[in-house]
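Data first, discussion second: the structure below is written as structure tokens.
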Amino acid sequence: MKGLMTPQLIRITEIYDDGEASRHFTFEPVTGISHPASPGQFFTLAIPGHGEAAFTYLSLPDVRGQFKALIRRAGTLTSALFQRSRGDLIGFRGPFGNCWPLDQLQGKRVLILAGGIGLPPLAAVADHLSADDKTPVGLIYGSRSPADQVLQHERSAWHKCMPILETFDHPSNGKQLIGTPLDHISQMTAKLGGAPEAILTCGPEVMMSAAGRHFAANGLPPENIWLALERRMHCGVGECGHCYLGSSYVCTDGPIYSWQQLARLQSQTTA
Amino acid sequence: MKRFLLDRIDRLRDHLASQRPLFTPQGNDGSAELNWLPLTRETPPTATGRPRLPTCPAKQFFFPEREILFRFDGNDFKETLPKPTPQILFGVRSCDLCAIAYQDRFFQQDPYYQARRRATLLVGIDCQIPCDGGFCPTVDAGPFVRDGMADLVCHQQQDEGWLLMAQSAEGEALLRGLDLKAAETSRIDQRTRAQQQVIARFPPATHIETGIQRINRAEVPAGQWQALGLQCLACSGCTSLCPTCSCFTSYDRPAADGFERERCWDSCLYDAFQREASGHNPSATAGQRVERFWFHKFSDEYAKTFGRYGCTGCGRCEKTCPGVIGVHSVMKSISAAP
């Protein structure tokens, strides 16, 4: 049994391009032992000589432990990862963090708001909710441009079972919706058959904060608005200190926070 | 807990050193600065009178500035747990013992820290006079050693000799062969009274008390944190010398047969501490980072988890900070704010 800090080997079993500078990876543990995870949790990937970084589960580990991730090339580790090929072995630790509040979503009208590369952390919960007939769910997905969109395959599947609006800062034709996801709430409300009773959001922090303020101001209880936050998570076990958010560590107390929790943490400091 | 009377503290020191490697604060080659060094024949007698803290706290013994976490040998990742030799730290002051207890809790699940910590026996000494810049009574961290924070505790008595208290079975076992007389119960009452007298000699610390209140009420204006931030040189002096600071970063470095992952002390005062690969930085200003440091030291939120503040009143940050924003300067500034 390896300690919490030491990676175990996983194999890359599939890779394909999916959006601007983004790739879809499938991994499988070399041991064949599955480490169960919940929607919203994260893991780390390590490439010897290039360090380690945190990523979200796009799909949860199956019985063989196989799971997926959508990864955008952004820094040292991801640049090295994009040099790897199918069959290569790399390091893995996880799962870490908390998950989306699945129990509290049951039976509610749920609106998922995603911005840019914030869609992958919402994918596993979207899969989960779309399989539940009693929980109506809709998705608004905002991107800079059509070329920046990710998860084409997953979105095609969701289109069959939930209303989806796709919005763009820079649409490529006149038929596409222009603006941010928040500009199209009323259209989605009509499709959902009523105002959303729970919000799940992930994307740029300015977008998530705007969503939190909007729905809280419109009477949605702040404990029903949920955000997946990003911080620089090194260790995943609440030790290294990098991912602090007020008195909490995003790697162990998060990455999912309610608007109510976030407001409390943000009120602890002033600068 | 067993109590004994001890004639000379260095009789205990020598006795313990005959059983295990022993480290104690002392000047290096006649330097006035104290460091944790192994006991040798040249080590001066244990100092009494006004206490002076070693420049560095004892955290380096359990959470070293650099350590290897695992190796990658080209085929697999191999955990590299330390195999420490049993050792004794002699003459640890109450503030530093409280910090060790704090980190014991923080690193509860960390096998690297725990391996080193379990191999170490702590011998504490009560401070009989306030040290320069220290304010341990204000944060409940001294001046006398708290129960259960050391294996052995030495208290210099007002009349004669020392009261020696064994607070763990391991500590007591190491006393075998010393031929000590049991101490009367009244000695404990005398020690309690003596602590009250020492506490009364500390200078007032109302700026610390008011500062703690203002931090917890989030009353310090953002502009004041930004002004204090201008004085931060991001040198990491405070975080390196703070006995409870524990942030670290890790990176891979080439080794003989592959790579090894090393972790080393990091500092929340560094500009890039929270910067993400995207460039987004949640604590982009020095003011935010300075506030973070003091929030972490004095927030009631952490006190709830750890049973005490993250500051043990040692005053090292004030002595080391080249920007004059150590604990006294900052707390004076924010307690005087409108």
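First the proteins, then the strands, lettered A, B, ... as listed; each starts at 1. Computed from a predicted model, the values in this text were never measured in an experiment.
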Which atom pair, heavy atoms only, marks the closest approach of G238(A) to F106(B)?
O-CZ, 3.5 Å
Does a side-chain heavy-atom distance below 4.5 Å link E52(A) with R261(B)?
yes
Short question: side chain of Q274(B), backbone of Y244(A) - any donor-acceptor pair under 3.5 Å?
yes
Keeping the roles fixed (side chain from E301(B), backbone from S247(A)), state whether a donor-acceptor pair exists under 3.5 Å.
no
Under 4.5 Å from any heavy atom of chain A - which part of L81(B):
neither
Has the side chain of T270(A) got a donor or acceptor atom that lies under 3.5 Å from a matching backbone atom of A218(B)?
no
Among G91(A), A46(A), C240(A), which has the most heavy-atom pairs under 4.5 Å with chain B?
C240(A)
Given H280(B) and R231(A), is the side-chain contact (heavy atoms from CB on, under 4.5 Å) satisfied, shown in steps?
CA-CA 9 Å; H280(B) 174 237; R231(A) 282 293 181 276; 4.3 Å; yes
Tell me, do R275(B) and H242(A) make a side-chain contact under 4.5 Å, heavy atoms counted?
no
How far does CE of M5(A) sit from CD of Q109(B), to the nearest 0.5 angstrom?
10.5 Å
Side chain from CB out, backbone as N, CA, C, O: work out which of these in H234(A) comes under 4.5 Å of a heavy atom of chain B, or both, or neither.
side chain
Supply the atom-to-atom distance F72(B) CZ to T6(A) OG1, rounded to the nearest 0.5 angstrom.
13.0 Å
Heavy-atom distances under 4.5 Å only: say whether E205(A) touches chain B with side chain, backbone, both or neither.
side chain
By a 4.5 Å heavy-atom criterion (distance strictly below it), what part of F295(B) contacts chain A: side chain, backbone, both, or neither?
side chain
At a heavy-atom separation under 4.5 Å, does L229(A) approach chain B through its side chain, its backbone, both, or neither?
neither
Would you mind telling me which of D110(B), N281(B), N75(B) has the largest number of heavy-atom pairs within less than 4.5 Å of chain A?
D110(B)
Could you state the interatomic distance from CD (Q108(B)) to CD (E239(A)), rounded to the nearest 0.5 Å?
10.5 Å
Between A222(B) and A271(A), what is the shortest heavy-atom contact and its length?
CB-CA, 3.7 Å
Could you have a look at R253(B), R292(B), Q288(B), E276(B) and say which one has the most heavy-atom pairs with chain A under 4.5 angstrom?
R292(B)
Checking H296(B) side chain against G246(A) main chain: does a donor-acceptor pair fall under 3.5 Å?
no
Testing the basics here: between L9(A) and F77(B), what is the closest heavy-atom pair and its distance to 0.1 Å?
CD2-CE1, 3.6 Å
Report which part of I47(A) has an atom under 4.5 Å of a heavy atom belonging to chain B: side chain, backbone, both, or neither.
backbone
Under 4.5 Å to a heavy atom of chain A? For Y302(B) that would be side chain
Between R232(A) (side chain) and A272(B) (backbone), is there a donor-acceptor pair under 3.5 Å?
yes
Against chain B, work out which of A74(A), A53(A), C243(A), P48(A) has the most heavy-atom pairs shorter than 4.5 Å and name it.
P48(A)
The interface call for N216(B) against chain A, heavy-atom contacts under 4.5 Å, is neither
For T78(A), is it the side chain, the backbone, both or neither that has a heavy atom under 4.5 Å from a heavy atom of chain B?
neither
Heavy-atom cut-off 4.5 Å, strictly under: side chain, backbone, both or neither for T249(B) against chain A?
both
Toward chain B, the part of C235(A) with a non-hydrogen atom under 4.5 Å:
side chain
